[in-house]
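Step one of this worksheet: look at the structure below.
All values below were derived from every heavy atom in this structure, side-chain atoms included, with hydrogens, water molecules and symmetry-related copies excluded. Just so it is clear, the model here is predicted, and its values are computed rather than measured.
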Amino acid sequence: MSADPSFGGASSAPDLDQLFRFGYDRLYAGNFTEAVRGFRMAAAADPANGEAWAALADACGGAGLTERTAACYRRAVMLDPAEWTWRLMLADALRQCGETDSAHALYSVLAVERSDSAAVRLGLAHCLSALGRHDEALDEFREAVALRPNDRAAVLALAEALAMAGDSLAAVELLQPLGRRYEDDAAVHHALGRCWLALREPAKALSALRHARDVAEGDEAAPMERLIAALEAGEGADLSAAYVRALFDRYADRFDQDLVGKLGYAAPDLLRAAVDRVVPVAAGLRILDLGCGTGLAGVTFKPLAAHLAGVDLSPRMVEKARQRGLYDELGVGDVVEEMERSAGGWDLLVAADVLVYIGDLAPVFAAAACALPPGGHFAATVERLPAESAQEFALGATRRYAHAEAYVRRSAEEAGFAVRLMEPCAPRREKGVPVAGLLFVVECAAR
């Protein structure tokens, strides 16, 4: 090993103590890149030194190198399996890089060894939640808070789990004292506002969200502004974008399991079959997945795409979609605004079970006509009003809109689309009964 001027200009290679001092000085100063360099040299100088690998893992974690963090902790644990803290940090790192099964197995062993560790209980709860075992996760979140009642992260996690389980009132009761203790914590007050919104208490939600915005730092305020604006505009009592965002952010972790397993969600496959019928040789398309959710439609349409993009109101849904590794581009935002920003930029627009959260479809079709070139296609599903209904669209008890077939057809044609396919379908089930739906594929006419 040659001399390095960073180590005091020594004429010979630094010894292990020098490397550790260099690494820890940089680590504690927040200079993670240099800390990684120092500890990597220490591990190279003494590959059997578990502390060198564990310290390198710490530095890699600070630098955002998640997979390297897990690999280094795994090496440290292999060298010294009795070091309990390193095993806990390995479990945390495995969970952070998506190795949920491995993390769960390790947390489970650690929980047997130290059942009174709040950190283990909290990690175990997060793994169970990611695995779809929500009832068990809720029990572990409760245990973590019981062990460490003043732990902000544990209380926030339990509140979110309660809200996801449909008990937003219990979440509010948990968050209110936390909010009094952490008056300047934007995340706490943001969570409280979202729970009030779930309880259909727009005035209380607005108060909490305004407080969160006022104490937020930097970009923290951005996710709250749109929600606040919607509530100030009086949308809290209707099916607003704010309501939809809050609903699906809470639902993100169990969305795929519930939608496909419990509700028989078939909209993406139905739409793909319809597109194949209308454009049988489609390939190499620029596709925009509107309201992409966790990416279920992306899975179905990826084979047709040269470039696949998605947009959704819910940041957590978008993050779930990103984890699939399917999309070339993903964004958080309103579907109409996204289409308006990309005139003629797409060959195919897909909206699987998305328009049920929009009543007036005229702005949607107008934006779609803008986003597509002549010959481009828009494929979507809606829920269908009975033929005898006098309404064009109506908000049902499930907080989803249903649309009349004649209204959908007229809205498309008025925006300049030719209807290539429109037929009844059953995009999902509700309480075991197929939902009356309508599927359409429309083509953008020459301008």
Side-chain angles (χ1 to χ4, degrees), residues 1-107 109-111 113-114 117-124 126-127 130 148 151-154 156-157 185 187 217-220 319 322-323 325:
M1 185 184 299
S2 60
D4 188 320
S6 301
F7 296 95
S11 58
S12 60
D15 62 24
L16 196 61
D17 287 342
Q18 285 179 301
L19 292 168
F20 273 120
R21 282 198 300 272
F22 175 86
Y24 282 122
D25 285 347
R26 271 59 180 180
L27 183 65
Y28 298 147
N31 187 345
F32 300 113
T33 301
E34 284 296 285
V36 167
R37 186 167 72 93
F39 290 128
R40 188 170 60 235
M41 293 173 69
D46 185 2
N49 190 307
E51 183 185 355
W53 290 102
L56 179 56
D58 283 344
C60 288
L65 305 173
T66 309
E67 291 185 2
R68 287 186 62 188
T69 301
C72 291
Y73 273 127
R74 187 179 276 115
R75 183 71 174 268
V77 169
M78 182 182 69
L79 290 167
D80 190 352
E83 185 60 53
W84 194 87
T85 301
W86 295 352
R87 292 161 66 209
L88 173 59
M89 298 304 290
L90 172 58
D92 289 342
L94 291 170
R95 183 175 67 82
Q96 291 295 328
C97 64
E99 296 186 39
T100 307
D101 288 328
S102 297
H104 174 257
L106 184 49
Y107 279 126
V109 172
L110 295 170
E113 295 175 359
R114 297 191 187 179
S117 169
V120 170
R121 293 294 186 183
L122 190 58
L124 186 56
H126 283 300
C127 286
R148 199 182 292 169
D151 186 319
R152 168 192 170 277
L156 271 174
D185 191 316
E217 297 180 0
D219 295 334
E220 280 187 329
E319 183 55 35
R322 183 170 287 112
Q323 292 171 12

For L16 and A42 the tightest heavy-atom approach is CD1-O, 3.6 Å
Scanning both residues in full, the closest heavy-atom pair of A63 with V36 reads CB-CG2, 4.5 Å
How long is the gap from CZ on F20 to CG on N49, to the nearest 0.5 Å?
4.0 Å
Does atom CD of Q323 have more than 12 heavy-atom neighbours from other groups under 6.0 Å away?
yes
Taking W53 for the side chain and P47 for the main chain, is one N or O donor matched with an acceptor at less than 3.5 Å?
yes
For residues 83-98, please give each side-chain donor-acceptor pair under 3.5 Å, one per line with the distance, not counting sequence neighbours.
from: W84; atom 1: NE1; to: E113; atom 2: OE1; distance (Å): 3.2
from: R87; atom 1: NH1; to: E113; atom 2: OE1; distance (Å): 3.0
from: R87; atom 1: NH2; to: E113; atom 2: OE1; distance (Å): 3.3
from: R87; atom 1: NH2; to: E113; atom 2: OE2; distance (Å): 2.9
from: D92; atom 1: OD1; to: Y107; atom 2: OH; distance (Å): 2.1

Starting at OG1 of T33, measure out to CG of L65 and round the result to the nearest 0.5 Å.
8.0 Å
Heavy-atom distance under 4.5 Å between the side chains of L122 and R148, does that happen here?
no
Contact summary for R26 and A35, nearest pair of heavy atoms:
CB-N, 3.7 Å
Can you tell if the side chain of F32 reaches within under 4.5 Å of the side chain of L27, non-hydrogen atoms only?
yes
Evaluate the side-chain contact (heavy atoms from CB on, under 4.5 Å) criterion for residues V120 and R114: first the C-alpha distance (whole Å), next the side-chain angles of each, then the deciding distance (0.1 Å), finally the verdict.
CA-CA 8 Å; V120 170; R114 297 191 187 179; 5.7 Å; no
In chain order, what residues pass the salt bridge (Lys or Arg N to Asp or Glu O under 4.0 Å) check against R21, with sequence neighbours excluded?
none
Between CG on residue L19 and CZ on residue R37, distance to nearest 0.5 Å
9.5 Å
Minimal heavy-atom distance between C127 and T100, with the atoms involved, is O-CG2, 3.8 Å
Closest non-hydrogen contact found for G50 with A76 is O-CB, 3.6 Å
For Y24 and F39, take the angle between the two ring planes, folded into 0 to 90°, and tell me which bin it lands in: parallel under 30, tilted 30 to 60, perpendicular over 60.
perpendicular
